[in-house]
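In what follows, a single structure is set out as structure tokens and then discussed.
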Protein chains: 2
Amino acid sequence: MSIELGIFDPLIRKLSSGNVLSTRAIEAIRQLPVKIKTVTSRTKVVDEGQNITDCYLLVDGYACRYKFTATGGRQIVSFHMAGDILDIQHVLFDRADHSVKTISEAALAVFPMAALRNLIADHPDVGRALWRDCLVEASIFREWVLNVGRRNAKVRIAHMLCEFAARMEAAGLGSPADFTLPMTQEDIGDATGLTPVHVNRMLRELTEEGSITRDARRIRIADWPRMKRTADFSPAYLHLFDRPPAEDGRSRESDYAENVSALAR
Amino acid sequence: MSIELGIFDPLIRKLSSGNVLSTRAIEAIRQLPVKIKTVTSRTKVVDEGQNITDCYLLVDGYACRYKFTATGGRQIVSFHMAGDILDIQHVLFDRADHSVKTISEAALAVFPMAALRNLIADHPDVGRALWRDCLVEASIFREWVLNVGRRNAKVRIAHMLCEFAARMEAAGLGSPADFTLPMTQEDIGDATGLTPVHVNRMLRELTEEGSITRDARRIRIADWPRMKRTADFSPAYLHLFDRPPAEDGRSRESDYAENVSALAR
DNA sequence: CGTCAAATTGACAAGGCTCAAGTGCCGTGG
DNA sequence: CCACGGCACTTGAGCCTTGTCAATTTGACG
């Protein structure tokens, strides 16, 4: 993939699902004054407490957001992939309430937050699309609270893997049949509130059951229907196939994609 | 409190913090065509999977949002108080991904979601304020993931109580010295991912240490500084005292309240 | 071929859950 | 006014899921 050409395509793709973006707005996004930065794995992008002036769009690779307890426990609160803005909340906040780092080699598009604010002021539909994206993220956070709060270790890990796979497919980065997931077992533990040791035990069980396969430190979902069942996973909360709500009283009849993948079933 | 007069005041108060709302916008909010509904405790307001056409503003009392696992485990993902819109995400979603119910007697202001959409289209500052409010909520969800994922039972419960107290003070509903919290021990368990039995044991410990007092099924925070310490609670993630970010390149010098309460320290 | 991070495995400990049996408070009906 | 019923709260005993600690193996890469 040529980085120069399609930097904003995954973002635009995402913002256009569940929303209608004007071609003017799409053009304005493409005109954002970006610099491309390529970084190694485990590079910190945002630091908790920091004042934010730049906006980071993940163009390639993977990242996560995380927080710490006073005793040093780390909790990953979300994973990110191409097309995700890593610090969108700083459009309206001045200070970071959590940190962000890459979990693989990654390419980032950096531009001034002020440019994004101006773009939103000129194009309300972009603001609406970004707001919607934040609402999807909030829905995912709710599911994570449920996941960590009420599911046991195996289900919890399986659910996290399913969600990541579903989001990757939705982002056009692969199909569940042949996923390889980028995170380490420690990352999985930090995301699910478990120790890496116990993650390892549960991954072994999932492997023995035939739900996943593992080689070269990469996890692959081998049996999606089975995995989905053990994971208690139903992707409605990702709002991937929602229609845009009617703008006002009138209901809007669009040729909205009935393109419901295997994931949604 | 006269319900007829001040229905929207807590909401407007909240939206005006960290944002500048025009007087026109405030007037438009006050003109929303509402019906007041008073309901008993444990009344369902929104049901998962439901199509949403109405918007519910909590005027008085308390509510929570929750989800279930396949095995029937309930997880509360947030608590709400006067001034909170209970289903704001349905401005942009057509389908509820979780349920909402009251946890006390409550008064609700109901109006068509379409009216809110029109209001936002006419007043971008209202949209921005609501977006910001959703971002604060997302930040709270992140903290809950951390809380449930990485803190032990006692700290977890203490943290949840501190957060609720801080939000109540910010909403003008009392000061930490004399809070009474509305939720049952089962609610606390469902919010923290614990069983009610274990919640009871931890509350006893917190009581014996002098952090809280309890009578007539109400919990009161007795020693705020101590409680804050055991809870690992620092309220930055609530974004209560953030300044509004500069709209564009220019930095904005407003007489923004330096009114930092005991909670922030 | 040495180094380092990630993964793996075992033995043991413990935090939190389950089950079970109460107690206390409060509203309701007789 | 009192008895009853229901719900929330309490408490104890034993178990189980997950954590802790420690040692070892594997794989990637210079």
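These values consider heavy atoms only, across backbone and side chains, with no hydrogens, waters or symmetry-generated copies. All chains are named by letter (A, B, ...) in the order of the sequence lines, taking the proteins before the strands, and each is independently numbered beginning at 1.
Donor-acceptor pairing under 3.5 Å is recorded for the side chains of A/Arg201 and A/His198. Looking only at atom types and distance, the side chain of B/Arg142 has no donor-acceptor partner in the side chain of A/Gln89 under 3.5 Å away. Using modelled atom types and a 3.5 Å distance limit, the side chains of A/Arg150 and B/Thr69 yield no donor-acceptor pair. Residues A/Thr192 and A/Arg156 bring no donor and acceptor atom of their side chains to less than 3.5 Å of each other. Side chains of B/Asp97 and A/Ser139: a donor on one and an acceptor on the other come within 3.5 Å.
Set against C/dT18, C/dG16, C/dA6, the side chain of A/Thr184 has C/dA6 as its closest nucleotide. With C/dA7, C/dC19, C/dT9 as the candidates, the nucleotide lying closest to the side chain of B/Val197 is C/dC19. For A/Arg201, the listed nucleotide lying nearest its side chain is C/dG10; candidates were C/dG10, C/dC17, D/dC9. The side chain of B/Gln185 sits closest to D/dC9 out of C/dT9, D/dT18, D/dC9.
Computed from coordinates, the B/Glu186 CD to D/dT10 P distance equals 14 Å when rounded to whole Å. For the pair B/Met202 CE and C/dG16 P, the computed distance is 7 Å after rounding to whole Å. Residue A/Leu194 contributes atom CG, which lies 15 Å from atom P of C/dA7 at whole-angstrom precision. Spacing between atom CG of B/Asn200 and atom C1' of C/dG24 amounts to 13 Å, rounded to whole angstrom units. The distance between atom CZ of B/Arg42 and atom C1' of D/dA8, rounded to the nearest whole Å, is 10 Å. At whole-Å resolution of the value, CZ in A/Arg218 and P in D/dT26 are 21 Å apart. In this entry the distance linking CG of A/Asp215 with P of D/dT26 reads 16 Å, nearest Å. Protein atom CD1 of A/Ile188 is 14 Å distant from nucleotide atom P of D/dG19, rounded to whole Å.
Among the atoms of the strands shown, only primed sugar atoms or phosphate atoms (P, OP1, OP2) are found under 4.0 Å from some heavy atom of A/Gly193.
In terms of polar N and O atoms assigned as donor or acceptor, the side chain of A/Arg214 never comes within less than 3.5 Å of the base of C/dT8 in a complementary pairing.
For the pair A/Gln185/A/Met202, no side-chain contact is recorded, criterion being any heavy-atom separation below 4.5 Å from C-beta on.
Note on the helix from C/dC1-D/dG30 to C/dG30-D/dC1: angle between the axes of the first and last five pairs equals 40°, rounded to 10 degrees.
For B/Arg150 and B/His198, each mapped to the nucleotide of DNA chain D holding its nearest heavy atom, the one lying further toward the 5' end belongs to B/His198.
For B/Arg167 (side chain) and B/Phe79 (main-chain N/O), a donor-acceptor pair under 3.5 Å exists by modelled atom type.
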